[in-house]
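Here is how names work: the chains are called A, B, and so on, in the same order as the sequence lines, proteins then strands, and each is numbered from 1.
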Amino acid sequence: MHEVAIVNDLFRIVLDVAEKEKLKKVDKVHFQLGKMMQVVPDLFKFAFDSAKADTLAAEAELEIEFLPVRMKCRQCGTEFELKQQNFQCPDCQGMDLDMVQGRELIVKSIEGE
Amino acid sequence: MEIKVMKRVLDRNQDKAEQIRALLKENHVRMYNLISSPGAGKTTLLEQTCRHLGPDYGVGIIEGDVYTDRDARRLQSYGFPIVLINTEGGCHLDSNSISGALQEFNLQNLRLLFVENVGNLVCPSHFDLGETSKIAVVSTSEGDDKPIKYPMLFRDARAVVLNKMDLLEYTDFDYNHFISDLRQVNPTVPLFETSSTKGQGLEGWFHWLEQEMKEQMNK
Ligand SMILES: Nc1nc2c(ncn2[C@@H]2O[C@H](COP(=O)(O)OP(=O)(O)OP(=O)(O)O)[C@@H](O)[C@H]2O)c(=O)[nH]1
Ligand SMILES: [Mg+2]
Ligand SMILES: [Zn+2]
């Protein structure tokens with residue numbers, strides 16, 4: 001249930017920005033979510049809807065952009081999308097890889113007025 | 001009106017974790033974050049490890065427990081400083097709670113700090129505590145598919161302990177399958193096969209820890 005902790009921190013950011021920008025209400029939150037974070041979308045949406053009550057974002061919609069896991073081979077530099085947890089370079093079969101995408105939890109933008 | 005934000009969630013946890021990492025480094029303390037499913041054997045492994053290292057080794061323990069102080073009490077008899085963090089139902093420790101717990105220790109007297117995280121394989125792997133390394137503990141009674149299901153933890157772990165080896169023959173745990181999955185996810189991580197209750201297979205784990213501690217002293 002790290003979903004709840006993530007959503008709480010997300011709201012801190014959203015409400016912070018809304019206040020700075022003097023918004024009266026927030027209509028939409030655009031959020032980027034790396035697939036390696038193993039967030040359950042339904043749980044996440046549920047946590048979002050629970051947290052938004054009685055805030056400036058009470059009617060806000062959550063738009064999640066899922067980012068696939070991308071790996072980079074340290075041996076040959078090839079970048080590829082991870083599928084079925086197959087941590088192996090498709091070009092040189094090397095297994096020494098860095099994750100270059102997949103752990104994002106980013107509030108990209110908010111819409112409001 | 002659309003407002004560009006581009007802010008990372010949990011960055012406060014990350015910042016705090018980096019502060020902790022720096023503080024521990026300054027004090028030459030290594031911190032190991034033990035992560036497993038509930039009941040895989042973290043406390044039992046810690047009991048054995050405390051017994052092996054003895055009270056003069058400079059060990060400290062931070063116990064993350066959902067509601068109780070049972071694990072902390074089990075470990076108390078070894079004479080090491082222990083700080084309990086009750087998460088009040090929360091499924092993971094975070095760097096803020098660790099930072100508070102660290103104030104209860106005299107870091108100058110410590111070399112090695114174990115953190116027993118809350119029993120759970122998903123959430124704790126996503127919260128950096130400022131640890132030197134994560135240790136993944138799995139047991140033969142919980143199925144052989146953990147590395148594939150929770151690849152993040154098994155990639156991040158600096159060591160993996162496969163516990164309850166004494167139960168292997170009574171379960172449907174497919175050992176070869178486990179090994180091949182683990183190696184697919186992390187080809188190089190050291191693996192220790194133990195039975196913590198029987199005190200078997202622990203030499204490799206102790207040896208590894210002692211090597212790690214030597215590295216620290218040479219730094
Ligand atoms: N057969 C067998 N039982 C074990 C072994 N290690 C631990 N156990 C038993 O498994 C149960 C759980 O062990 P703990 O050490 O409390 O596990 P834990 O990971 O600390 O559990 P939580 O803190 O609740 O997540 C206890 O009854 C232990 O005696 C082992 O190697 N073999
Ligand atoms: Mg325990
Ligand atoms: Zn390659």
Side-chain angles (χ1 to χ4, degrees), chain A residues 1-40 43-44 63 69 71 82 84-88 93-99 102-113, chain B residues 1-17 35 38 64 66 87-97 117-129 145-157 177-178 180-189:
Chain A
M1 287 289 285
H2 56 315
E3 285 83 1
V4 176
I6 294 169
V7 161
N8 287 343
D9 206 38
L10 175 155
F11 263 89
R12 181 183 58 84
I13 293 170
V14 167
L15 296 176
D16 227 36
V17 172
E19 196 177 316
K20 267 193 207 119
E21 301 286 336
K22 299 192 170 45
L23 297 184
K24 289 199 186 60
K25 68 186 190 56
V26 178
D27 299 319
K28 208 169 203 178
V29 176
H30 294 270
F31 187 58
Q32 282 183 323
L33 181 53
K35 283 205 172 153
M36 220 5 128
M37 295 309 289
Q38 300 200 305
V39 162
V40 181
L43 272 180
F44 196 73
E63 183 135 322
V69 180
M71 308 297 292
L82 182 74
Q84 265 119 37
Q85 318 293 15
N86 187 8
F87 290 91
Q88 188 164 38
Q93 273 65 53
M95 296 189 76
D96 194 6
L97 313 171
D98 286 319
M99 192 175 299
R103 297 183 112 162
E104 292 74 10
L105 295 171
I106 300 171
V107 180
K108 206 172 149 198
S109 65
I110 63 177
E111 292 176 39
E113 56 206 74
Chain B
M1 165 168 66
E2 178 159 358
I3 301 155
K4 201 166 167 202
V5 182
M6 291 314 270
K7 277 214 170 123
R8 280 168 35 225
V9 171
L10 302 189
D11 61 346
R12 285 204 305 189
N13 186 74
Q14 195 61 44
D15 292 348
K16 193 67 153 229
I35 300 178
V66 189
T87 60
E88 310 291 336
C91 50
H92 58 268
L93 293 173
D94 60 24
S95 55
N96 198 42
S97 56
N117 217 312
V118 179
N120 178 334
L121 282 176
V122 186
C123 312
S125 18
H126 295 303
F127 291 81
D128 190 350
L129 303 182
D145 54 2
K146 294 293 174 289
I148 286 293
K149 279 192 177 158
Y150 307 98
M152 201 67 269
L153 172 61
F154 289 89
R155 277 187 74 79
D156 284 348
H177 196 190
F178 174 83
S180 83
D181 282 358
L182 176 65
R183 290 310 171 206
Q184 178 182 328
V185 168
N186 191 335
T188 53
V189 68

Side chain to side chain, Lys108(A) and Met6(B), heavy atoms closer than 4.5 Å: yes
Nearest-0.5 Å distance that lies between atom CD in Gln85(A) and atom CD in Gln184(B): 8.0 Å
If I measure from the heavy atoms of chain B, does Asn86(A) come under 4.5 Å with its side chain, its backbone, both, or neither? both
Nearest non-hydrogen partners of His92(B) and His2(A), listed with the distance: CE1-CA, 4.5 Å
About how many Å separate CE of Met99(A) and CZ of Arg155(B), when rounded to the nearest 0.5 Å? 5.5 Å
Minimal non-hydrogen separation, Ser109(A) against Lys4(B), with atom names: CB-CA, 4.0 Å
Quick check on the interface: out of Val14(A), Leu97(A), Asp96(A), Asp27(A), who has the most heavy-atom pairs with chain B under 4.5 Å? Leu97(A)
About how many Å separate CE of Met1(B) and CD of Glu113(A), when rounded to the nearest 0.5 Å? 8.5 Å
Please look at Leu23(A) and chain B and tell me whether the side chain, the backbone, both or neither of the residue comes under 4.5 angstrom of a heavy atom of that chain. side chain
Close side-chain approach of Leu105(A) to Arg8(B), heavy-atom, < 4.5 Å: no
Between Tyr150(B) and chain A, with a heavy-atom cut-off of 4.5 Å, which part of the residue counts as in contact: side chain, backbone, both or neither? both
Interchain contact, Val17(A) with chain B, by part (heavy-atom threshold 4.5 Å): side chain
Heavy-atom closest pair, residues Met152(B) and Met36(A): SD-CG, 3.2 Å
Rounded at 0.5 Å granularity, tell me how far CD1 in Ile106(A) sits from NZ in Lys7(B). 13.0 Å
Heavy-atom neighbours of Gln93(A) CD exceed 12 at 6.0 Å: yes
Less than 4.5 Å to any heavy atom of chain B: does that hold for the side chain of Gln38(A), its backbone, both, or neither? both
Spacing of Ile3(B) atom CD1 and His30(A) atom NE2 [to the nearest 0.5 Å]: 11.0 Å
Counting only heavy atoms closer than 4.5 Å, note whether Gln84(A) contacts chain B via side chain, backbone, both or neither. backbone
Minimum heavy-atom distance between Arg183(B) and Met95(A), given as atom pair plus value: O-CE, 3.5 Å
Pick one of side chain, backbone, both or neither for Asn13(B), based on which atoms fall under 4.5 Å of a heavy atom in chain A. neither
Quick one: CG on Leu10(B) to CG on Leu10(A), what's the gap to the nearest 0.5 Å? 9.5 Å
Could you pull out the closest heavy-atom pair between Val185(B) and Phe87(A), with the gap in Å? CA-CD1, 3.7 Å
Who wins among Arg103(A), Lys28(A), Gln32(A), Gln88(A) for the most heavy-atom pairs under 4.5 Å with chain B? Arg103(A)
Proximal component of Ile13(A), with respect to chain B [non-hydrogen, under 4.5 Å]: side chain
